[in-house]
Amino acid sequence: MQRPSWPEYFMSIAKLVATRSTCLRRSVGAVLVKDKRILATGYNGAPTGIRHCEETGCVRENLAVKPGERHELCRGLHAEQNVIIQSAYYGVITKGTTLYSTHKPCIICTKMLINAGVKKIFFFDGYPDTLADEMLSEANIEVERLSI
């Protein structure tokens with residue numbers, strides 16, 4: 001058996017993290033890494049102590065909100081938001097890190113990742129958000145799609 005590359009290894013972990021998602025539309029997992037060490041993980045779902053969409057139904061689905069629009073109309077946090085929050089909660093420095101995410105970040109997460117000091121993003125699935133792409137480029141954050 002051949003050992004996976006580091007990007008393959010961390011992306012496979014992000015895919016596993018995504019299985020904890022409680023979102024009815026899309027399961028997303030994220031892993032924040034520095035120096036080949038996992039600093040934090042996150043998946044998309046309702047905040048701690050709040051009922052999950054599995055119980056309440058999907059606000060976005062009920063309102064027919066299209067992907068990439070009206071991010072505020074959702075009970076859940078995105079995986080990238082949760083990975084940053086977990087880092088802050090436990091006092092982990094995010095500057096100079098690499099994010100492995102099952103999906104390319106939306107514009108809201110992109111702005112947070114820029115300010116958190118993330119330097120590189122690996123993703124598996126695309127996401128329809130051209131403004132996020134433009135801002136990642138302007139911030140000189142390297143973005144690479146993995147196909148594992």
May I have the step-by-step check of side-chain contact (heavy atoms from CB on, under 4.5 Å) for Phe122 and Thr98, ending in yes or no?
CA-CA 8 Å; Phe122 286 97; Thr98 298; 3.7 Å; yes

Can you check side-chain contact (heavy atoms from CB on, under 4.5 Å) on Leu32 and Thr94, steps first, answer last?
CA-CA 8 Å; Leu32 195 64; Thr94 57; 3.7 Å; yes

Does Arg75 form a side-chain contact (heavy atoms from CB on, under 4.5 Å) with Ile50? I'd like the steps, not just the answer.
CA-CA 9 Å; Arg75 293 178 57 83; Ile50 304 297; 2.9 Å; yes

Where do Ile114 and Glu138 land on the side-chain contact (heavy atoms from CB on, under 4.5 Å) test, with the steps shown first?
CA-CA 10 Å; Ile114 291 168; Glu138 186 176 343; over 6 Å; no

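Taking a 6.0 Å sphere around CG of Asp35, one finds it holds 12 or fewer heavy atoms contributed by other residues, nucleotides or ligands. Atom NZ of Lys15 has more than 12 heavy atoms from other residues, nucleotides or ligands within 6.0 Å. Few gaps surround CD on Glu72; more than 12 heavy atoms of other groups in view lie less than 6.0 Å from it. Heavy atoms of other residues, nucleotides or ligands lying less than 6.0 angstrom from CD1 of Ile38 number more than 12.
Note: Phe10 and Trp6 have parallel aromatic rings, judged against thresholds of 30 and 60 degrees for the angle between ring planes.
The line from CE of Met112 to CD1 of Ile108 is 9.0 Å long, rounded to the nearest 0.5 Å. Put simply, CG on Leu113 and CD on Gln81 are 9.0 Å apart, with the number rounded to the nearest 0.5 Å.
Residues Val33 and Tyr100 form a side-chain contact, since some pair of their non-hydrogen atoms from C-beta on lies under 4.5 Å apart. Counting heavy atoms from C-beta outward, Ser27 and Tyr43 have side chains that stay 4.5 Å or more apart. His78 has its side chain within reach of His71: a pair of non-hydrogen atoms, C-beta onward, lies under 4.5 Å apart. Annotation: side chain of Glu134 is in contact with side chain of Leu131 (closest heavy-atom distance under 4.5 Å).
Here the closest non-hydrogen pair linking Ser87 and Val83 is OG-O, 2.9 Å. Of all non-hydrogen atoms in Thr97 and Leu39, the two that sit nearest each other are CG2-CD1, 3.6 Å. Across all their heavy atoms, Pro67 and Arg26 have their closest contact at CB-NH2, 4.4 Å. Closest heavy-atom contact between Glu80 and His103: OE2-O, 3.7 Å. Here the closest heavy-atom approach between residue Leu73 and residue Val59 is recorded as O-CG1, 4.1 Å. Ala30 and Leu99 make their closest contact through CB-CD1, 3.9 Å (heavy atoms, listed as atom of the first residue, atom of the second, distance).
In the hydrophobic cluster analysis, where Ile, Leu, Val, Met, Phe, Trp and Tyr join through side-chain heavy atoms closer than 4.5 angstrom, Tyr9 is grouped together with Met11. Leu146 and Val17 fall within the same hydrophobic cluster, where Ile, Leu, Val, Met, Phe, Trp and Tyr residues are linked whenever their side-chain heavy atoms come under 4.5 Å apart, directly or through other members. Under a hydrophobic clustering in which Ile, Leu, Val, Met, Phe, Trp and Tyr are joined whenever their side-chain heavy atoms come within less than 4.5 Å, directly or via other members, Ile84 and Val143 fall into the same cluster. Cluster annotation: Val28 and Leu16 are assigned to distinct hydrophobic clusters (Ile/Leu/Val/Met/Phe/Trp/Tyr, side-chain heavy-atom contacts under 4.5 Å, transitive). A continuous path of ILVMFWY side-chain contacts below 4.5 Å connects Leu136 to Val118, so both sit in one hydrophobic cluster.
The closest donor-acceptor contact from the side chain of Arg20 to the backbone of Gly45 lies at 3.5 Å or more, if one exists at all. The closest donor-acceptor contact from the side chain of Thr22 to the backbone of His52 lies at 3.5 Å or more, if one exists at all. Remark: side-chain polar atoms of Arg60 are paired, donor with acceptor, to backbone N or O of Lys66 under 3.5 angstrom. With hydrogens and angles ignored, the 3.5 Å screen pairs no side-chain donor or acceptor of Arg145 with any backbone N or O of Phe123. A distance-only check finds no donor-acceptor pair linking the side chain of Ser137 to the backbone of Asp133 [under 3.5 Å]. Between the side chain of Ser21 and the main chain of Asn44, a donor-acceptor pair closer than 3.5 Å is present. Under a 3.5 Å cut-off, the side chain of Lys104 and the backbone N or O of Ile121 do not form any donor-acceptor pair. Side-chain N or O atoms of Thr102 include one that pairs as donor or acceptor with a backbone N or O of Gly29 at under 3.5 Å.
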